[in-house]
Protein chains: 2
Amino acid sequence: MAGTPDQPDRISEAEQAVMEALWQRSPLTAQEVCEHVCAERDWSLNTVKTLLSRLVAKQAVATQPDGKRFLYSPRIARSDYLGTESRRLVDRLFGGRAAPLFAHLAQSEGLTPDDIAEIEALLKELKS
Amino acid sequence: MAGTPDQPDRISEAEQAVMEALWQRSPLTAQEVCEHVCAERDWSLNTVKTLLSRLVAKQAVATQPDGKRFLYSPRIARSDYLGTESRRLVDRLFGGRAAPLFAHLAQSEGLTPDDIAEIEALLKELKS
DNA sequence: CGTAGTCGATTACATACGTAAACGATGGAG
DNA sequence: CTCCATCGTTTACGTATGTAATCGACTACG
C-alpha cells in the first residue's frame with residue numbers, strides 16, 4: 001500500500017558528481033555524462049554507468065529510452081539536495097542552529113570579504 | 001621518513017556520537033562513554049568499544065591506562081572537527097563559497113530570527 | 001550473414017561503516 | 001587457589017560506496 005515513509009536514499013559523493021552533470025544539462029546519455037565527469041575524476045565509462053544505475057535505483061534519476069540507449073535526467077532538484085544536505089550538517093554538527101556554523105566558517109577563514117558582503121546583502125533582504 | 005601527508009581519517013557519524021561524549025567531559029572509560037550515548041542511540045557497550053578502537057586507530061582519541069582499563073580522551077579539538085566538516089560541505093555543495101550556503105539555509109527556513117540576529121552581530125565583529 | 005562495437009545489466013571486489021558476539025587476559029571475591 | 005566479572009582485542013557480518021570487468025543483446029559495417 002505504498003506505506004513506506006519514503007525515506008530518500010542518500011546520494012553519495014561520487015553519485016553527486018554525476019548528478020551535477022545532469023543538473024547542468026539534461027537529459028544526457030551515459031556517454032555524455034562521462035564526457036562531463038570522467039576526465040575530472042579519472043573514471044571509466046563503466047563507473048559512470050554503475051553510478052547512474054544506482055541513482056536510478058535510488059529514484060534520484062529518471063530514464064527515458066532513446067533508441068537503443070537511455071537518456072538520463074535528474075528526478076530531484078539540485079536546490080532540494082542542497083537544502084537537505086545543508087540541514088543535515090547543521091543538525092549534526094551545530095544542533096540545528098545556523099549561526100554557530102557561520103561563526104565557524106568565519107573563524108576558520110572560510111569567509112572571504114565577498115562572502116561577508118553578500119551575506120550582508122542577504123540579511124538586508126531578509127529583514128525587508 | 002613519515003612522509004605520508006597525514007590525510008586525517010574521517011570520523012563517521014556513529015563515531016562522532018562517541019567524540020561528542022568525550023568532548024563534553026574527558027577522560028572517560030568505555031563504560032562512562034556508554035552511559036552517555038548507549039541509551040540515546042540504543043547501542044551495546046561492545047559497540048562503543050568498537051567505535052573507541054576505531055577512533056584510536058584514526059588517531060582521533062588518545063588512551064591512557066588506568067589500572068586494568070583505559071581512559072579515553074579526544075585528540076582533536078571539536079572546533080577543528082567542526083571546521084573541517086563545515087568546509088567540506090561548503091566545498092562539496094557550494095563551490096567553497098559560504099554565501100550560497102547561507103542563501104539556502106535562509107530560503108529553506110533554516111534560519112530563525114535569532115540566527116539572523118546572531119549572524120548580524122558576527123558580521124559586525126568581523127568588520128571591526 | 002557474421003562479427004565488432006556499443007548498451008544496459010550483472011557480477012566483482014576492496015574498503016568503510018554500523019552493530020555486535022566471541023575470545024583471552026586479569027584482577028578481585030571467596 | 002579458583003572462578004567470575006570486566007577489560008580490551010579479534011572476528012563477524014550485513015550494507016554502502018568506489019571503482020570497475022564481464023556478459024548478453026542488438027545493431028551497423030563489411
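Chain identifiers are assigned alphabetically (A, B, ...) following the order of the sequence lines, protein sequences preceding nucleic acid strands; residue numbering begins at 1 within each chain.
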Select from A:Asp42 and A:Arg10 the residue whose nearest nucleotide in DNA chain D is closer to the 5' end of that strand.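 It is A:Arg10, whose closest nucleotide lies nearer the 5' terminus.
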
side-chain contact (heavy atoms from CB on, under 4.5 Å) assessment of A:Val33 paired with A:Leu51: CA-CA 11 Å; A:Val33 171; A:Leu51 293 173; over 6 Å; no

Grab the [atom1]-[atom2] distance between [X] and [N] for me, whole Å please.
X: B:Gln31; N: D:dT6; atom1: CD; atom2: P; value: 8 Å
X: A:Arg41; N: D:dT17; atom1: CZ; atom2: P; value: 14 Å
X: A:Glu13; N: D:dA16; atom1: CD; atom2: P; value: 18 Å
X: A:Lys58; N: D:dT15; atom1: NZ; atom2: P; value: 15 Å
X: B:Arg69; N: D:dT9; atom1: CZ; atom2: P; value: 15 Å
X: A:Leu51; N: D:dT17; atom1: CG; atom2: C1'; value: 9 Å
X: B:Leu71; N: D:dT6; atom1: CG; atom2: P; value: 17 Å
X: B:Glu32; N: D:dC7; atom1: CD; atom2: P; value: 10 Å

Does the distance from a Lys or Arg side-chain N to an Asp or Glu carboxylate O, for B:Glu15 and B:Lys58, drop under 4.0 Å?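 Salt bridge between B:Glu15 and B:Lys58, a charged N being under 4.0 Å from a carboxylate O: yes.
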
Counting the atoms with a prime plus P, OP1 and OP2 as sugar-phosphate, which does A:Asp66 contact under 4.0 Å by heavy atoms, base, sugar-phosphate, or nothing?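 Nothing: the residue A:Asp66, judged by heavy atoms under 4.0 Å, touches no strand.
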
Pick base, sugar-phosphate or nothing for A:Ser12, based on heavy-atom distances below 4.0 Å to the nucleic acid.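 Contact class for A:Ser12: sugar-phosphate only.
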
Need two values: the first and the last nucleotide of DNA chain C, 5' to 3', having an atom under 4.0 Å from any heavy-atom of chain A.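 Nucleotide range in contact with chain A: C:dG5 to C:dA12.
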
Going by the rule side chain to side chain donor-acceptor pair (under 3.5 Å), which residues pair with B:Arg78 if we only count those two or more places apart in sequence or in a different chain?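 With neighbours one apart ignored, the set is B:Glu20.
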
Go through the structure and list residues passing side chain to side chain donor-acceptor pair (under 3.5 Å) with A:Arg69, not counting sequence neighbours.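 Result, side chain to side chain donor-acceptor pair (under 3.5 Å) vs A:Arg69: none returned.
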
Does a side-chain N or O from A:Thr47 land closer than 4.0 Å to OP1 or OP2 of D:dA20, or not?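 For A:Thr47, the contact criterion (side-chain N or O under 4.0 Å from OP1 or OP2 of D:dA20) is met.
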
Minimal non-hydrogen separation, [X] against [Y], with atom names:
X: B:Ala99; Y: A:Glu118; value: CB-OE1, 3.3 Å
X: B:Cys38; Y: B:Leu45; value: SG-N, 4.2 Å
X: A:Trp43; Y: A:Val48; value: CE3-CG2, 4.1 Å

Donor-acceptor pair under 3.5 Å: do we get one between B:Arg54's side chain and the base of D:dT9?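 Not at all, since no donor on one side and acceptor on the other fall under 3.5 Å apart.
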
Among all residues two or more places apart in sequence or in another chain, which pass the side-chain contact (heavy atoms from CB on, under 4.5 Å) test with B:Ala103?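 Counting only residues at least two positions away or on another chain, B:Ala103 forms a side-chain contact (heavy atoms from CB on, under 4.5 Å) with A:Leu122.
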
Students often mix this up, so state it plainly: with edges at 30° and 60°, are the rings of B:Tyr81 and B:Trp23 parallel, tilted or perpendicular?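 The arrangement is tilted - the two ring planes meet at 30° to 60°.
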
Return the polar atom pairs (N/O with N/O) between nucleotides 21-29 of chain D and the protein under 3.5 Å, or none.
unit_1: D:dA21; atom_1: N7; unit_2: A:Asn46; atom_2: ND2; d: 3.1

Helix axis bend for the helix from C:dC1-D:dG30 to C:dG30-D:dC1 - C1'-based end axes, five pairs, 10° rounding: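 Nearest ten degrees gives 30° for this helix.
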
Check: A:Gln16 side chain, B:Arg92 main-chain N or O, donor-acceptor pair, under 3.5 Å: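 It does hold such a pair.
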
Is there a side-chain contact (heavy atoms from CB on, under 4.5 Å) between A:Leu71 and A:Leu28? Walk through the geometry before answering. CA-CA 5 Å; A:Leu71 297 179; A:Leu28 294 180; over 6 Å; no

Minimum side-chain heavy-atom gap B:Leu22-B:Leu52 below 4.5 Å: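 Yes, at least one pair of side-chain atoms sits under 4.5 Å.
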
